[in-house]
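What follows is a single structure, written as structure tokens, with notes after it.
Lettering of chains follows the sequences in order, A, B, ..., and the numbering in each one begins at 1.
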2 protein chains.
Amino acid sequence: MPTVSAAQGRTTSSGAAQKRRAGRPSAAVLDKAGITAAALELVRRKGYEGLTMAALARLLDVAPSALYNHVASKQDVLLLVEDHLMSLVDVSGFGGGTWEDAVRTWAWSYRDVFAEHTPLIPVIAVLPVTDAPQTLAMYETVSKGFSDAGFPQERIVPAIVALESFIFGSAYDVTAPEDIFDSGSMAASTPHFTAAVRSSAEGQDVPAGQERGRPADTAFRLGLEALIAGFGTTRA
Amino acid sequence: MPTVSAAQGRTTSSGAAQKRRAGRPSAAVLDKAGITAAALELVRRKGYEGLTMAALARLLDVAPSALYNHVASKQDVLLLVEDHLMSLVDVSGFGGGTWEDAVRTWAWSYRDVFAEHTPLIPVIAVLPVTDAPQTLAMYETVSKGFSDAGFPQERIVPAIVALESFIFGSAYDVTAPEDIFDSGSMAASTPHFTAAVRSSAEGQDVPAGQERGRPADTAFRLGLEALIAGFGTTRA
DNA sequence: CAACTAAATGAACGTCATTCATTTAGTGAC
DNA sequence: GTCACTAAATGAATGACGTTCATTTAGTTG
């Protein structure tokens with residue numbers, strides 16, 4: 001019998017609204033905020049393979065089944081984590097400066113966040129925003145930014161969705177092995193592709209420092225700038 | 001004891017090259033082509049949740065462990081399926097006509113194929129092309145198309161990667177629920193976003209028939225045309 | 001104190017992918 | 001024909017894992 005000590009970085013968000021009819025024990029060991037924090041900690045330490053209900057329970061000093069009093073399923077835990085990550089996406093650019101720069105800041109940070117959490121991409125891409133307050137907050141800010149920039153109302157959502165799709169796909173790229181395009185023994189039968197791969201690997205001249213110089217970064221920059229330019233003509 | 005009868009749509013690709021030193025039994029019940037075909041059949045009938053090693057073995061009238069004589073893991077089976085799907089992507093446009101139209105044909109069919117196989121996206125995005133002949137063949141055709149269209153050699157791969165990223169992300173969109181952007185009770189606190197969502201839902205005037213008229217299609221078209229336009233300026 | 005309830009427990013389940021020692025059955029060499 | 005060799009199939013076992021459920025624990029209200 002483990003003594004209840006733990007108390008992981010729990011945020012104790014037991015704000016106000018909560019009046020049930022009968023007994024409301026205050027010594028709850030678990031809550032959603034605590035589960036979210038523990039899940040994030042677990043992912044940081046062991047990656048997503050390490051994120052199991054058993055490991056989560058162990059970190060919280062609790063039996064695995066206890067989690068199900070606060071969360072309906074493991075999918076539910078993923079949603080908590082995912083929504084939290086959305087608050088890490090930088091939308092500050094939409095407060096001032098040009099629309100182009102705001103989109104750049106937003107898109108790069110969005111990609112960077114999910115490049116480190118690719119297992120969440122299949123989850124988020126299908127997630128109704130209703131269940132995700134932080135996600136909704138991000139959309140509001142971005143929508144306002146697009147609107148202020150003169151985007152026609154009916155194009156705002158499609159444009160954001162297109163950008164997001166590009167961002168999610170690009171997040172996977174970041175995690176791809178460096179030699180992903182090594183054609184190996186088939187090189188002889190794919191001359192154009194092999195030449196293109198070699199040539200793209202050579203042109204690795206990074207502006208300054210060696211930041212954003214990985215192949216995935218080059219492709220992301222190219223696509224992002226194309227999208228920004230392409231959208232630029234459809235607004236105003 | 002099940003009598004060995006089965007013989008599912010196996011392609012018996014035991015071509016030529018294969019000279020080992022000793023006994024080479026010909027009555028092999030299993031081979032990679034057969035496993036691939038069975039896996040595809042299973043996915044078609046039951047989806048990816050239904051694709052288990054046990055189900056695969058049952059369909060092939062074999063014990064589950066027998067599969068491991070031909071395949072190293074379930075991941076390996078997914079790779080076989082994925083590479084097969086690549087042959088369904090339409091690259092015929094690169095044979096003639098404009099570069100723009102070729103890219104359109106390719107991108108739409110690419111997205112459509114993987115919209116029905118989203119569980120493969122995390123697999124393919126990280127898959128070295130070495131192990132995937134069909135994938136490599138597609139890259140060769142597309143690379144040549146870009147090269148012929150006047151693309152600078154070192155930009156070909158990044159451009160293809162950017163397009164693919166957009167395509168993969170967009171494939172997820174297709175499977176998203178229709179009400180994914182329903183802000184629900186939070187609508188009041190997200191006025192710009194809510195208005196944009198409503199407005200995009202109204203502008204659902206589809207050119208002819210009701211083809212390609214889903215929200216996911218609108219976003220995909222918008223992004224794809226922006227990418228094509230954006231890339232158009234960097235070549236030539 | 002008694003009624004009520006949220007929450008934690010621990011023992012089950014069922015499903016999976018995967019491993020391994022063993023058996024089966026073709027094939028080429030002598 | 002038979003012997004050695006080997007690819008391939010078997011069936012039992014293993015170890016995660018997510019999830020369920022009857023039961024217990026402990027705090028709050030009236």
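- Between the P atom of D:dC17 and the OH atom of A:Tyr48 lies a distance of 17 Å, rounded to the nearest Å.
- Rounded to whole Å, the distance from CD1 on A:Ile35 to C1' on C:dA8 is 12 Å.
- For B:Leu42 and C:dC16, the CG to C1' distance is 14 Å, given to the nearest whole Å.
- Following rounding to the nearest Å, A:Leu67 (CG) and C:dT9 (C1') show an atom-to-atom distance of 12 Å.
- Atom CD of B:Glu41 is surrounded by more than 12 heavy atoms from other residues, nucleotides or ligands within 6.0 Å.
- Computed from coordinates, the B:Leu78 CG to C:dT18 C1' distance equals 15 Å when rounded to whole Å.
- For A:Lys74, counting side-chain heavy atoms from C-beta on, the closest listed nucleotide (C:dA11, D:dG18, D:dA12) is D:dG18.
- Among the nucleotides C:dA17, C:dG10, D:dC17, the one closest to the side chain of B:Thr52 is C:dA17.
- Candidate nucleotides C:dG10, D:dT10, D:dC17 were compared by shortest atom distance to the side chain of B:Asn69, and D:dT10 ranks first.
- What separates CG of A:Asp31 from P of C:dA6 is a distance of 16 Å, to the nearest Å.
- Closest approach of A:Tyr172 and B:Pro122 over heavy atoms only: OH-CG, 3.5 Å.
- The pair B:Asp217-B:Arg111 counts as a salt bridge, with a side-chain nitrogen and a carboxylate oxygen less than 4.0 angstrom apart.
- The side chain of B:His70 places an N or O atom within less than 4.0 Å of a non-bridging phosphate oxygen (OP1 or OP2) of D:dA9.
- Nucleotide D:dC17 holds its P atom 19 Å from the CE atom of B:Met53, rounded to whole Å.
- When rounded to the nearest whole Å, the span between CG of A:Leu51 and C1' of D:dA16 equals 14 Å.
- In the set D:dC21, D:dT19, D:dG11, D:dT19 carries the atom at the smallest distance from any side-chain atom of A:Tyr68.
- The distance between the ring centers of B:His192 and A:Phe146 does not fall below 6.0 angstrom.
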